[in-house]
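One structure is given here, and the rest of the page talks about it.
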Amino acid sequence: MKSEGWDYLADYSSVTVNHLYDQWRDILNDNNRTRLEGVLLSDNEFEQVRLELLKNKTPYDAQLMLAGAFNIDISEK
């Protein structure tokens, strides 16, 4: 996977999936602070993002989703 640009992070080899989701949520909140106008993602909004990610069939599809190629609206309705 290193040839594809992925690095093995030993610090993450024994963490739970929930810990990884928490880390990702923090990253999403930090990277989108302006768009979110300082309001953190609600549990419902993050669950929608997580469910969208789980719909992907390939790592390529997941990367497109993470890069914003699908313009997914997760705003509370």
Side-chain angles (χ1 to χ4, degrees):
M1 302 251 331
K2 193 156 185 86
S3 65
E4 300 297 324
W6 295 89
D7 291 323
Y8 175 76
L9 301 175
D11 292 347
Y12 291 98
S13 65
S14 62
V15 299
T16 65
V17 171
N18 285 337
H19 178 80
L20 294 174
Y21 277 127
D22 290 342
Q23 291 282 78
W24 185 42
R25 185 177 186 165
D26 290 342
I27 292 168
L28 288 174
N29 283 319
D30 287 343
N31 289 349
N32 294 286
R33 189 174 310 279
T34 301
R35 186 171 183 187
L36 295 170
E37 299 176 350
V39 178
L40 301 178
L41 289 172
S42 69
D43 291 343
N44 183 46
E45 289 168 330
F46 185 70
E47 182 64 13
Q48 288 177 51
V49 172
R50 198 182 70 75
L51 290 174
E52 286 297 324
L53 183 63
L54 292 174
K55 289 180 184 178
N56 293 293
K57 302 294 183 210
T58 67
Y60 177 75
D61 291 339
Q63 180 60 30
L64 287 177
M65 184 239 150
L66 292 171
F70 298 121
N71 193 25
I72 297 167
D73 181 11
I74 60 158
S75 59
E76 300 244 21
K77 295 184 171 107

Q.
Distance check, rounded to the nearest 0.5 Å: His19 atom NE2 versus Ser14 atom OG?
A. 9.0 Å

(Q) To the closest 0.5 Å, what do you measure between CD1 (Ile27) and CG (Asn32)? (A) 11.0 Å

Q: Please check if the side chain of Asp26 supplies one atom and the backbone of Gln23 the other of a donor-acceptor pair under 3.5 Å.
A: no

Q.
How close do Phe46 and Tyr21 get, counting heavy atoms only, and between which atoms?
A. CZ-O, 3.5 Å

Q) Quick one: salt bridge (charged side-chain N to carboxylate O under 4.0 Å, His left out) pairs with a partner in residues 13-25, sequence neighbours left out? A) Arg25-Asp43

Q) Is there a path from Leu54 to Leu41 through hydrophobic residues (I, L, V, M, F, W, Y) whose side chains come within less than 4.5 Å of each other? A) yes

Q: Answer with yes or no whether the hydrophobic clustering places Val17 together with Leu51; edges join I, L, V, M, F, W, Y residues whose side-chain heavy atoms lie under 4.5 Å apart.
A: yes

**Q.** Test salt bridge (charged side-chain N to carboxylate O under 4.0 Å, His left out) applied to Lys57 - qualifying residues, sequence neighbours left out
**A.** none

Q | Sole residue of Asp30, Leu36, Asn29 in side-chain contact (heavy atoms from CB on, under 4.5 Å) with Arg33 | A | Asp30

